[in-house]
Each structure stands twice: as structure tokens, then as C-alpha cells.
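Taking it in order: structure first as C-alpha cells, then the write-up.
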Amino acid sequence: DTYAPANIGIGRIEHYSIPQGGYEVIMAEDVALDMWDSWSAPNDGVDGFFCYLLAGAESGRSPEDGSCDKDDKDSGLVVGVLYNPTTLGQALAHEIGHYLGLGHEDDLPGNIMFPSVPNGGTLYGGQIGAIKLHCSMRAGCPT
């Protein structure tokens, strides 16, 4: 719903599992960065990682303006599911916003890029234009 007004949708979802090895609970940002450096799906999509717990007050972590080069390994985002199970969709949409190049909007609590969830889940025109310029954007499906 957040990205529908921008005429942006999800093209494909693939599921891969990381073997147990310390990523179920992420206690520090460097562990999330290590996960991005160690794992990547063999496709041209954004790698979205879900863990049980992401330490701190944050629901997720993502590079701002994430890479589209899978060899760079900075091609993912991580969302913890324990702290905010009812706002998981907003947390994911927020982290996708970061990945697509958006920063926080501290003065707009109704905006998806407000620093905390729950938020209003909306985008404004300038944000829509910015995310459409990201390297991961593809042409939409014909209707």
C-alpha cells in the first residue's frame, strides 16, 4: 500500500534460508553488516533478511541508497520481527525506503520515513521521484 501510489510493486519474491550461525539474534550493527557481506541471493533483487531480534530500539537496518551490485554485498536490509510484530509491514517499507535512497523525515510523523513505527505509511511526491531513480527500479508489468 505504501508504494502503490508511486506505481511501484514487488516483481518477484524468492525465499532462501541462512543456515543457523548467529544471525537469528542480531545484537550489533556490525553483525548485520557481516550478514550482508556473507550472504546474497543469486538474482538482481534486493536481499531482505528477517531475524528474530534486532537489538536496540530499531525495527530494522538498511544502507541508505543500497547497492545494486551483488558483488558489493551491500545489497540488503534486515528487519527484526520480535519488537514490532504488528508494525512489521511498516518497518519493512521504511527499510526499503532507505535502501531506495530515502533518509529520515523527522518532522513528518505521517510519512513512512519517520524514524519510528508506527508511522503514517505515506510517501510524498519528492520521495516518489527519488526512489524511481534507484538502480534497482525496473519497468512495470504491462496491464
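In this text, all values refer to a predicted model and were calculated from it rather than measured experimentally.
Interatomic distance, OG of Ser136 versus CD1 of Ile131, reported as 9.0 Å (0.5 Å rounding). Rounding to the nearest 0.5 angstrom, the gap separating the CD atom in Glu105 from the NE2 atom in His94 is 10.5 Å.
Residue pairs meeting the disulfide bond (SG atoms under 2.5 Å apart) criterion with at least one member in residues 89-130: none, sequence neighbours excluded. Within the structure, the ring pair (Phe, Tyr, Trp, His ring centres under 6.0 Å) test picks out the following pairs touching residues 115-135 (sequence neighbours left out): Tyr99-His134. Applying the side-chain hydrogen bond (donor to acceptor under 3.5 Å, both in side chains) test to residues at least two apart or on different chains, the pairs with a partner in residues 106-122 are Asn111-Gln127.
In this structure, the side chain of His98 does not engage the main chain of Glu64 through any donor-acceptor pair within 3.5 Å. At least one donor-acceptor pair under 3.5 Å links the side chain of Thr2 to the backbone N or O of Gly121. Side chain of Tyr3 to main chain of Ala93: a donor-acceptor pair is present (N/O by atom type, distance under 3.5 Å, no hydrogens or angles).
Under the 4.5 angstrom side-chain criterion for Ile, Leu, Val, Met, Phe, Trp and Tyr, Leu133 has no cluster partners at all.
By the criterion of side-chain heavy atoms lying less than 4.5 angstrom apart, applied directly or through intervening Ile, Leu, Val, Met, Phe, Trp or Tyr residues, Val79 is not grouped with Phe114; the two fall into different hydrophobic clusters.
In this structure, Leu100 and Met137 have side chains that are in contact, with non-hydrogen atoms separated by less than 4.5 Å.
The minimum heavy-atom distance between Leu88 and Phe50, with the atom names listed, is CD1-CE2, 4.3 Å.
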